[in-house]
2 protein chains.
Amino acid sequence: MGDVAKTTAPEQACPIAPVVDIVFSRWTTPILWTLNEFGRQRFGELERRITTITPKVLTQRLRQLERDGLVVRTYHAEVPPRVEYEISELGRSLAPLFAALANWSVNLDKVDQARRDYDDSGRPRP
Amino acid sequence: MGDVAKTTAPEQACPIAPVVDIVFSRWTTPILWTLNEFGRQRFGELERRITTITPKVLTQRLRQLERDGLVVRTYHAEVPPRVEYEISELGRSLAPLFAALANWSVNLDKVDQARRDYDDSGRPRP
DNA sequence: CGGTATCCTGCAGGATACTG
DNA sequence: CAGTATCCTGCAGGATACCG
């Protein structure tokens, strides 16, 4: 014991921050969601479904997710080449999390209302 | 029916994206977590607990969270001024979500392992 | 088809200084 | 104490072009 001191990560006394970094970094949510919803699919399909992402960024994020073990990449050495991505077992273990997120969506209109209240109550105030 | 076409938000066919934007935008997690853990507290306390955040950014995020109805700000017109922040009812409704996140932390070492495997297996490969 | 390689840009967020 | 006000910078991510 001793060397895995965890270094008490600077910005976070917050134990969930590491998970957030992995799961909710930019673009990862739509990618994982899409893979989870539509199953194994090719690069181009993902590109078409996540309409505003560029191939460069899609590649970057997929690599990151693959490295983190959340996504599995399968390369088929054919002509033309075919690559398929699917969510891994570990990735699938996020499902309850995503479900919880989806459930919380019922509160979105409360957020909207709060924003309206805040905005036309002239805040920020002293 | 009809007018709430949802506009099929460009980047997301993904229904959880809006929640992610609200709850997991930069710094909001440690702030909400801290407020949830240590209860109502003053600006300075938050600043000290979230060690690497600057006052400017802390203010920005707190305002955002206040506007979204997740945090309540109370201003006491004393000398010196005293301001307290606490998590709102709506904010507290995120607790199960955070719990789910915390639970998933058990998988962090799997992620670590996956990274090690990926890295010293010489990937990315064709 | 499934990516790289380059170049470029906006803007989140840091540093620093000041105030009601 | 609890913020603003300024200024400045890095780098995530867009646009575009090309390749095995």
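All figures in this text were calculated on a predicted structure; none of them were measured in a lab. A, B, ... follow the sequence lines: proteins, then strands. Residue 1 opens every chain.
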N/O (side chain, Y85(B)) to phosphate O (OP1/OP2, dG3(D)) under 4.0 Å: yes
Interatomic distance where OH belongs to Y75(B) and C1' belongs to dG3(D) [whole Å]: 10 Å
Interatomic distance where CZ belongs to R48(B) and C1' belongs to dC1(D) [whole Å]: 10 Å
Charged tip of R49(B) within 45° of F38(B) ring normal and under 6.0 Å: yes
Whole-Å distance separating the CG atom of L62(A) from the C1' atom of dC1(C): 15 Å
Pairwise distance CG(L108(A)) to CD(Q113(A)) - rounded to 0.5 angstrom: 13.5 Å
Euclidean distance, atom CG of residue L58(A) to atom P of dG2(C) [Å, nearest integer]: 11 Å
Protein proximity profile, nucleotides 4-20 of chain C - base contact B, sugar-phosphate-only contact S, no contact -, cut-off 4.0 Å on heavy atoms: S-B------BBB----B
Interatomic distance, E78(A) CD vs dG3(C) C1' [rounded to whole Å]: 16 Å
Any R42(A) side-chain nitrogen or oxygen under 4.0 Å from OP1 or OP2 of dC1(C): no
Residue pairs involving residues 88-97 of chain B (criterion side chain to side chain donor-acceptor pair (under 3.5 Å); sequence neighbours excluded): W104(A)-S93(B)
Whole-Å distance separating the CZ atom of R73(A) from the P atom of dG2(C): 10 Å
Donor + acceptor pair across side chains of R67(A), Q64(A) (<3.5 Å): no
F98(A) and F24(A) aromatic ring geometry - parallel, tilted or perpendicular at 30°/60° bounds: tilted
Heavy-atom closest pair, residues R61(B) and I31(B): CB-CD1, 3.5 Å
d(CD, E45(B); C1', dA2(D)) in whole Å: 13 Å
For atom NE2 of H76(B) and atom P of dG3(D), their distance in whole Å: 11 Å
